[in-house]
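Residue numbers count from 1 along this sequence.
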Amino acid sequence: QVHLVESGGGLVQAGGSLRLSCAASGNIFRINTMGWYRQAPGKQRELVATITSGSTNYGDSVKGRFTISRDINTEYLQMNSLKPEDTAVYYCNAVVTLIPLETLEVWGQGTLVTVSS
């Protein structure tokens, strides 16, 4: 079993910053990819950012404002210049190879980010 635990969400004014964290634990042999997705009310879940072997990928709406990083089994999302349209539940995601060898995709429980105008 693998668990992802997110933290760092909350309420912030437009133009402010927040930092999300996601810690992975369990029978992990290797974390292949970690990422962040978000879902706003009435909208589909969308990509925020992913990180694979140090290579990063960002959704168009957050490029230049958000930065994803990773330290062993924890990933971070630094969010700057936040806008009201960034309001959503943010989900941590990981593709993990377990011990014994089995690869699966895992999701966190989500953390709410609210940006006030």
Side-chain angles (χ1 to χ4, degrees):
Q1 282 283 13
V2 176
H3 298 281
L4 302 179
V5 178
E6 299 137 334
S7 60
L11 174 65
V12 64
Q13 287 190 331
S17 298
L18 278 177
R19 189 190 195 207
L20 305 183
S21 300
C22 174
S25 63
N27 294 337
I28 299 170
F29 173 72
R30 180 180 63 240
I31 297 178
N32 303 300
T33 298
M34 295 192 84
W36 292 94
Y37 293 76
R38 68 186 183 186
Q39 188 165 18
K43 295 187 176 181
Q44 291 189 332
R45 190 171 296 189
E46 65 173 357
L47 167 73
V48 177
T50 61
I51 184 166
T52 304
S53 300
S55 176
T56 58
N57 179 51
Y58 294 92
D60 288 341
S61 61
V62 306
K63 285 180 181 176
R65 300 187 297 122
F66 291 11
T67 302
I68 189 171
S69 61
R70 181 183 155 189
D71 179 17
I72 307 178
N73 289 351
T74 301
E75 67 166 344
Y76 306 93
L77 185 68
Q78 179 65 44
M79 303 185 292
N80 298 329
S81 302
L82 282 160
K83 305 174 182 179
E85 51 264 44
D86 294 318
T87 295
V89 177
Y90 285 69
Y91 295 92
C92 175
N93 172 273
V95 177
V96 178
T97 299
L98 305 178
I99 303 169
L101 296 182
E102 174 191 358
T103 299
L104 55 79
E105 183 176 30
V106 187
W107 291 89
Q109 80 283 359
T111 185
L112 178 62
V113 172
T114 303
V115 184
S116 63
S117 57

K.L.:
If you look at every heavy atom in Leu98 and Val2, which pair is closest and at what distance?
P.N.:
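Answer, listing the atom of Leu98 first, then Val2: CD2-CG2, 3.1 Å.
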K.L.:
Taking transitive links into account, so neighbours of neighbours count too, which hydrophobic residues share a cluster with Tyr76 at under 4.5 Å side-chain distance?
P.N.:
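Result for Tyr76 is none, singleton.
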K.L.:
Mind jotting down which residue pairs meet the ring-ring contact (aromatic ring centres under 6.0 Å, His included) criterion with at least one end in residues 5-60? Sequence neighbours excluded, please.
P.N.:
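ring-ring contact (aromatic ring centres under 6.0 Å, His included) check on residues 5-60 returns Tyr37-Trp107.
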K.L.:
Determine the minimum heavy-atom distance between Thr97 and Leu101, stating which atoms define it.
P.N.:
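Thr97 and Leu101 have their closest heavy atoms at CG2-CD2, 3.7 Å.
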K.L.:
Rounded to the nearest 0.5 Å, what's the gap from CD on Glu46 to CD on Gln39? Could you check?
P.N.:
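Output value for this atom pair is 9.5 Å.
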K.L.:
Is it true that Leu104 and Ile28 fall in one hydrophobic cluster, defined by side-chain heavy atoms closer than 4.5 Å?
P.N.:
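Per the 4.5 Å side-chain linkage, Leu104 and Ile28 are co-clustered.
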K.L.:
Would you say Met34 and Leu47 are hydrophobically clustered, going by side-chain heavy atoms of ILVMFWY under 4.5 Å?
P.N.:
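No; Leu47 is not reachable from Met34 via cluster members.
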K.L.:
Backbone N or O of Ile72 within a donor-acceptor pair of the Arg70 side chain at under 3.5 Å?
P.N.:
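Yes: the side chain of Arg70 pairs with the backbone of Ile72.
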K.L.:
Would you give the length of the straight line joining atom CZ of Arg30 to atom CD1 of Ile99, rounded to the nearest 0.5 angstrom?
P.N.:
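Answer rounded to 0.5 Å: 10.5 Å.
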K.L.:
Which residues satisfy the salt bridge (charged side-chain N to carboxylate O under 4.0 Å, His left out) test with Asp71, sequence neighbours excluded?
P.N.:
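Listed in chain order: nothing, the list is empty.
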K.L.:
Of the non-hydrogen atoms in Glu75 and Gly35, which two are nearest, and what is the gap between them?
P.N.:
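What the structure gives for the nearest pair is OE2-O, 2.7 Å.
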K.L.:
Test of understanding: with salt bridge (charged side-chain N to carboxylate O under 4.0 Å, His left out), list the residues that count as partners of Arg65, not counting sequence neighbours.
P.N.:
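For Arg65, the residues satisfying salt bridge (charged side-chain N to carboxylate O under 4.0 Å, His left out) (neighbours in sequence not counted) are Asp86.
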K.L.:
Sorted by first residue and then second, give each salt bridge (Lys or Arg N to Asp or Glu O under 4.0 Å) pair with at least one member in residues 100-117; sequence neighbours left out.
P.N.:
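Every pair satisfying salt bridge (Lys or Arg N to Asp or Glu O under 4.0 Å) with a residue in residues 100-117: there are none.
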K.L.:
Could you work out, with side chain to side chain donor-acceptor pair (under 3.5 Å) as the rule, every residue matching Ser81, not counting sequence neighbours?
P.N.:
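Not a single residue meets the side chain to side chain donor-acceptor pair (under 3.5 Å) criterion with Ser81.
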K.L.:
Let me check something: do Val12 and Phe66 share a hydrophobic cluster, defined by ILVMFWY side-chain heavy atoms less than 4.5 Å apart, either directly or through other members?
P.N.:
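Same cluster: Val12 reaches Phe66 through Ile, Leu, Val, Met, Phe, Trp or Tyr contacts under 4.5 Å.
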K.L.:
Provide the full list of salt bridge (Lys or Arg N to Asp or Glu O under 4.0 Å) pairs with a residue in residues 47-62, sequence neighbours left out, each pair given once.
P.N.:
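Checked against salt bridge (Lys or Arg N to Asp or Glu O under 4.0 Å) - neighbours excluded - the pairs reaching residues 47-62 are Asp60-Lys63.
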K.L.:
Identify each donor-acceptor pair in which a side-chain atom of residues 108-116 lies under 3.5 Å from a protein atom, sequence neighbours left out, and give them as a table.
P.N.:
{"unit_1": "Gln109", "atom_1": "NE2", "unit_2": "Glu6", "atom_2": "OE1", "d": "3.4"}
{"unit_1": "Thr111", "atom_1": "OG1", "unit_2": "Gly9", "atom_2": "N", "d": "3.3"}

K.L.:
Table please: side-chain donor-acceptor pairs of residues 13-22 below 3.5 Å, with sequence neighbours left out.
P.N.:
{"unit_1": "Ser17", "atom_1": "OG", "unit_2": "Asn80", "atom_2": "OD1", "d": "2.9"}

K.L.:
Of all residues at least two apart in sequence or in a different chain, which pass the ring pair (Phe, Tyr, Trp, His ring centres under 6.0 Å) check with Tyr91?
P.N.:
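Not a single residue meets the ring pair (Phe, Tyr, Trp, His ring centres under 6.0 Å) criterion with Tyr91.
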K.L.:
Using side-chain contact (heavy atoms from CB on, under 4.5 Å) as the criterion, point out the one residue from Val62, Ile51, Ile68 that pairs with Leu77.
P.N.:
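Between Leu77 and the candidates, side-chain contact (heavy atoms from CB on, under 4.5 Å) is satisfied uniquely by Ile68.
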K.L.:
Determine yes or no for a side-chain-to-main-chain donor-acceptor pair under 3.5 angstrom, with Ser55 supplying the side chain and Thr52 the backbone.
P.N.:
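Checking the backbone N and O of Thr52 against the side chain of Ser55, no donor-acceptor pair under 3.5 Å is found.
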K.L.:
Please enumerate all residues that pass salt bridge (charged side-chain N to carboxylate O under 4.0 Å, His left out) together with Lys43, with sequence neighbours excluded.
P.N.:
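With sequence neighbours excluded, Lys43 shows a salt bridge (charged side-chain N to carboxylate O under 4.0 Å, His left out) to no residue whatsoever.
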K.L.:
Just grab all the ring-ring contact (aromatic ring centres under 6.0 Å, His included) pairs involving residues 1-28, residues at least two apart or on different chains.
P.N.:
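For residues 1-28, and leaving out neighbouring residues, there are no ring-ring contact (aromatic ring centres under 6.0 Å, His included) pairs at all.
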